[in-house]
Amino acid sequence: KNYARLRRVVQGWKKEKRTDLLTETARAVQVALQNSDTCVEIADDPKKQAGLRDFIGDLPADLGMAVRRMAKQNGALS
């Protein structure tokens with residue numbers, strides 16, 4: 001729920017080129033974004049929106065674009 005606490009882990013995976021872990025984490029977030037209640041919760045909370053944007057920015061570009069696309073399509077981000 002609080003990406004700030006996990007951000008260093010994700011950034012470390014990116015630095016270490018652990019695309020396997022980054023891909024699975026991105027997929028897990030995409031699955032979570034399929035839940036409309038989750039998307040409403042994110043859309044209504046600026047801190048959660050900021051955390052999701054930070055997560056997207058920390059991913060490799062292709063993964064980040066896929067997560068961003070889903071977040072926008074499902075209303076979590078505008």
Side-chain angles (χ1 to χ4, degrees):
K1 289 190 175 190
N2 185 349
Y3 179 62
R5 288 184 283 159
L6 300 173
R7 191 168 192 187
R8 288 181 192 228
V9 173
V10 173
Q11 290 172 334
W13 290 344
K14 186 175 180 182
K15 184 177 179 181
E16 296 166 7
K17 299 186 181 354
R18 294 298 310 266
T19 55
D20 57 329
L21 296 173
L22 292 165
T23 299
E24 289 306 313
T25 304
R27 283 189 187 146
V29 170
Q30 288 176 303
V31 168
L33 289 170
Q34 292 176 11
N35 182 314
S36 59
D37 291 339
T38 299
C39 290
V40 168
E41 187 178 320
I42 294 168
D44 289 345
D45 187 333
K47 286 185 179 184
K48 289 181 182 180
Q49 285 185 30
L52 181 55
R53 284 191 175 95
D54 287 344
F55 173 69
I56 290 168
D58 290 339
L59 292 171
D62 58 333
L63 294 175
M65 286 183 357
V67 174
R68 180 180 294 111
R69 187 177 319 114
M70 179 166 276
K72 286 186 174 190
Q73 284 175 348
N74 295 348
L77 297 176
S78 54

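The first residue in the sequence is number 1, and the count goes up from there.
A salt bridge is defined here as a Lys NZ or Arg NE, NH1 or NH2 lying under 4.0 Å from an Asp or Glu carboxylate O, and R7 with D54 meets this definition.
Here K47 pairs with D45 under the side-chain contact (heavy atoms from CB on, under 4.5 Å) rule; sequence neighbours left out.
Proximity of N35 to N74: side-chain heavy atoms (C-beta onward) are nowhere separated by under 4.5 Å.
Taking each heavy atom of T25 and L21 in turn, the nearest pair found is OG1-O, 2.8 Å. Across all their heavy atoms, P46 and D44 have their closest contact at CD-O, 3.8 Å. Contact record, D58 with Q11: OD1-NE2, 3.4 Å, taken as the closest heavy-atom pair. In plain terms, the two heavy atoms of L59 and G64 that are nearest each other are CB-N, 3.8 Å. Nearest approach of A76 to I42, heavy atoms of both residues: O-CG2, 3.7 Å. Between C39 and L33, the shortest heavy-atom distance links the atoms SG-O, 3.0 Å.
Counting only residues at least two apart or on different chains, no ring-ring contact (aromatic ring centres under 6.0 Å, His included) pair has a member in residues 57-78. Applying the salt bridge (charged side-chain N to carboxylate O under 4.0 Å, His left out) test to pairs two or more places apart or on separate chains, those with a residue in residues 18-28 are R18-D20, E24-R27. The ring-ring contact (aromatic ring centres under 6.0 Å, His included) analysis of residues 59-78, with sequence neighbours excluded, yields no pairs. Residue pairs meeting the ring-ring contact (aromatic ring centres under 6.0 Å, His included) criterion with at least one member in residues 40-78, sequence neighbours excluded, are Y3-F55. Identified under the ring-ring contact (aromatic ring centres under 6.0 Å, His included) test for residues 26-54, with sequence neighbours left out: none.
Hydrophobic cluster membership is shared by V9 and V29, with clusters built from Ile, Leu, Val, Met, Phe, Trp and Tyr side chains linked at under 4.5 angstrom.
Here the NZ-OG1 distance, from K14 to T19, works out to 12.5 Å after rounding to the nearest 0.5 Å. The CG atom of L63 sits 11.0 Å away from atom CD1 of I56, with the distance rounded to the nearest 0.5 Å. A distance of 5.0 Å separates CD of Q34 from CE of M70, quoted to the nearest 0.5 Å. Atom CD of Q30 sits about 10.0 Å away from atom CD of Q73, to the nearest 0.5 Å. Between the OG atom in S78 and the CD atom in Q49 there is a gap of 6.0 Å [rounded to 0.5 Å].
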